[in-house]
Structures are given as C-alpha cells and as structure tokens.
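Both counts, for ligands and for their atoms, begin at 1 and track the order of listing.
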Amino acid sequence: MFDEVIARNPGEIEFHQAVREVLESLGPVVAKHPEYADSEVIRRLCEPERQIIFRVPWTDDRARVQLNRGFRVEFNSALGPYKGGLRFHPSVYLGIVKFLGFEQIFKNSLSGLPIGGAKGGSDFDPKGRSEAEVMRFCQSFMTELYRHLGEYTDVPAGDIGVGGREIGYMFGQYKRITNRYESGTFTGKGLSWGGSQVRTEATGYGTAFFVKEMLKASAESFDGKRVVVSGSGNVATYAIEKVHQFGARVVACSDSSGYVVDEAGIDLDLLKEIKIERRGRIDEYADRRASASFISDGSIWDVPCDVALPCATQNELDDENAIRLIKNGCRVVAEGANMPTTPRAIHTLRDAGVRFGPGKAVNAGGVATSALEMQQNASRDSWTFDYTEERLSEIMTSVHHRCLETADEYGAPNDYVVGANIAGFTRVADAMLALGVI
Ligand code: GLU
C-alpha cells in the first residue's frame, strides 16, 4: 500500500512520511478486522476526496502583479464537513498540504467530534507584507476558494501564517461574494463576529492539558519541571502560558532566526508583545531581558529539560536532537506542532523509554475548539471562557484516555503513537464502511 502511495504521489515526501507513520500502526487492526481490507478502506483513506489547486493573483503596494498558488485538499468527510486550517508559508506545496490534511483526518476523528479532515493554504509569504497586501491576498484567495466552502461542506481555520486577521479578511470576502452571514463556514473568528472564547489559546492549552495527563499516568506532575518549547507563535505562546500555570518553568523558546534561553522562566507578556503584537524577531527578547540570552546557531534541543514540546513546524526535531535530549535527561516529548519529530527521532525516543505524544493527539485541542465554535454558531450562542476551557480540558482528557485504552487493547501499552493512530483510524473507518463505497 505504501509503495502505491509513493507511486501515485511522486515527490510529496512529507505526505509519504505521514502516511507511513499511520500505516505502520495499522497491522494489528487489519488482522483483527478483515472487513477493513475487504472494503479497501485504507486505500480509499490515502486518496483525497477532492483536491483544489488554483491561481492567486494580487497586486502589491507598488502596483506590481504578484502570483501565488492556492490549495485546498478535502481529504475525508465520513465523520462531518471537511475541517482543517489554512497555512500561508513559502514552503507550502501540495505535499505539505496533503500531509497536513491526512493527519487532520485522524486528529479530528480522535477528538470524538463530528468533523472530517482537510487542509489548505498557499506559498504566500506574509513576512514583510503590509496589512493592505495581506488583505488583498486573502481576498484574492477567497475569490476562488469560496465556492468550495460552507458550514455543511468545508470549514477552514488558521494554521501557520493564518490567524484572526487573515480569517477576518477571508470571512469578509466570503460574506461579500455569497451575500450570506454564514458564521459556521470559518473558525478562529474574532470574538465580536462569531468567534469562540479559548479558540486562540486552544492548541497551546490543549497541549499542556494532554501533557498533564501523560505526566499523571506515570505518577508525575508539571510541578517544578523544566520545559523547552520550540516556536513562539500561537501554539507555543499558549502552551507556555498554561505550562506556567501548572507550576513548571519554560526556559527556552525560538523562532526561525534562533532561540532564547531564560533561566528565570520565559516572560510571557514580553514574548507576546514582541512576537504576537508586533510580529518582531526573538533576539529582541534577549536584548530586553537581563536573564535571557539569544543563540542563533545550534539547536534549541541542546537546552537541558525534563519535558520538550516541539511547537514550531514539521521535522524540526531530528535524530541527533533526540539523542541529545535523552542524554540531557528529557523524559517526555509531546508534539504541539504537526509532525515536528522525524520518524528516526521518534524511534530513538521510544527506544530510550521517553514518553512520546504524537501531534494528532497532543495538538487536537485547536481543532476540537473549532468544533465547539461551530457548535456555538449553529445554535447562535456564545459560551463563557471558563465553560469553553472546561470543555477543552475534558476533550483532551478523553483523547488521552482513548490513546492509552486503544494502545492497551492492541498490545502496545503506553504507546501513544499506536493508540492515536488506531483510535483515529477505527472511528473514521467504521463510518466509511457504514456509508458504503463512496
Ligand atoms: N490548523 C489547526 C490544526 O492543525 C487547526 C485546524 C482547525 O481548527 O480547523 O489542527
């Protein structure tokens, strides 16, 4: 099956990696349930239901025509409308969108909520672009994509390079073209126009909730732990916030220019001001904080820690980094980002007895809270922060439970990778069987 996926999707290495990781877990399921093989569920899962690739022309501030490519891969809708974020980053090509969309199927399934899997984005680079340029790009992107969306069809949200600002411009254009105030077509909206409390914080908070459960399962807690969080965007920021609330100390974080070490613990207000509010560089954090230093060469994973949370991007933690983490005494690695750990690094960590939480379980809180946003939109209601956070916390606890229970059932106790892949797979596979050959 894997050879077939490679042959049908040449050059899409990240997609191959994501598929391989899931297929490697499914042996025991297929052995136990021949009906999945009989109806070619796995083969069908590996083929997106629909892939949309389109031209995105726009004019920059100097009136020059710019051109980008837009993508939406609607991977699977057996469990609900297509659901998943949009990524704006120069590295985006079909292979990245397909890896993310494929992972999203299992993540969304594992969340237990009624959402299918999709992902989209563009190779547009928002870095250095003015507000007006970002708006024109978003409007052009939506002028094509709107026809494929809808609250019962496909519901995008944010990812790298897409936050509340971009969702606003896209929702505005969608509303204008369709002449419908259809809140449920997007999630990650602003609080005054249909957004949900806690959605901004959800991926990071959810990561911390999940790791809290991982620690609890081995009779430990966050109290007094040293934590390293890579990244300094939306996921990293709110993971740091919650981990601090749980009594641990985050001593390092990063961006694409390097990382900062702050033995006094990351000052979150300062980090937010520099990275989120002003979209600045992380070296400024070290300039403004006496206890911090900035390192532009080497790796953030050289910093000794008990818990490592890769919250930046795919394949940011390789085998060499894993070996260093183990040597420095790290006991838990959990993925706030999508597929940040390379397959070899995962292997090395698990062999050394490090507890490893895969992204499709650990970072499911973001999309789960998107589903809560859809629920609020459908009932024209809005919930309080505390109530929404409580719901998120319960969802993360149940995702954790589902992983361990499934891992046990299939003879791989404490293996979160096996647990997440099998639990995610069986729910969507059963729905596909029930819906027939479609
Ligand atoms: N991009 C996020 C993820 O990787 C969130 C998607 C959503 O909320 O739809 O899960």
Starting from the N and O atoms of ligand 1, collect every protein N/O partner closer than 3.5 Å and put each pair on its own line with the distance to 0.1 Å.
unit_1, atom_1, unit_2, atom_2, d
ligand 1, 1 (N), Lys119, NZ, 3.1
ligand 1, 1 (N), Gly158, O, 2.9
ligand 1, 1 (N), Asp159, OD1, 2.8
ligand 1, 4 (O), Lys107, NZ, 3.0
ligand 1, 4 (O), Lys119, NZ, 3.0
ligand 1, 4 (O), Asn338, ND2, 3.1
ligand 1, 8 (O), Arg199, NH2, 2.9
ligand 1, 8 (O), Ser370, OG, 2.6
ligand 1, 9 (O), Lys83, NZ, 2.7
ligand 1, 10 (O), Gln104, NE2, 3.1
ligand 1, 10 (O), Lys107, NZ, 2.8

>> What I want to find out is whether Glu213 reaches Lys216 closely enough, with some N-O distance under 4.0 Å, to be called a salt bridge.
In response: yes

> Do Arg44 and Glu47 sit within salt-bridge range, that is, some charged N less than 4.0 Å from a carboxylate O?
Replying inline: no

>> Under a 3.5 Å threshold, yes or no: a donor from one side chain and an acceptor from the other, between Glu241 and Tyr205?
In response: yes

> Between the side chains of Gln376 and Ser196, is a donor N or O closer than 3.5 angstrom to an acceptor N or O?
Replying inline: yes

> Shortest non-hydrogen contact from Gly150 to Glu182?
Replying inline: CA-OE2, 3.4 Å

> Taking the six-membered ring for Trp, is the centroid-to-centroid distance between Phe102 and Phe75 below 6.0 Å?
Replying inline: yes

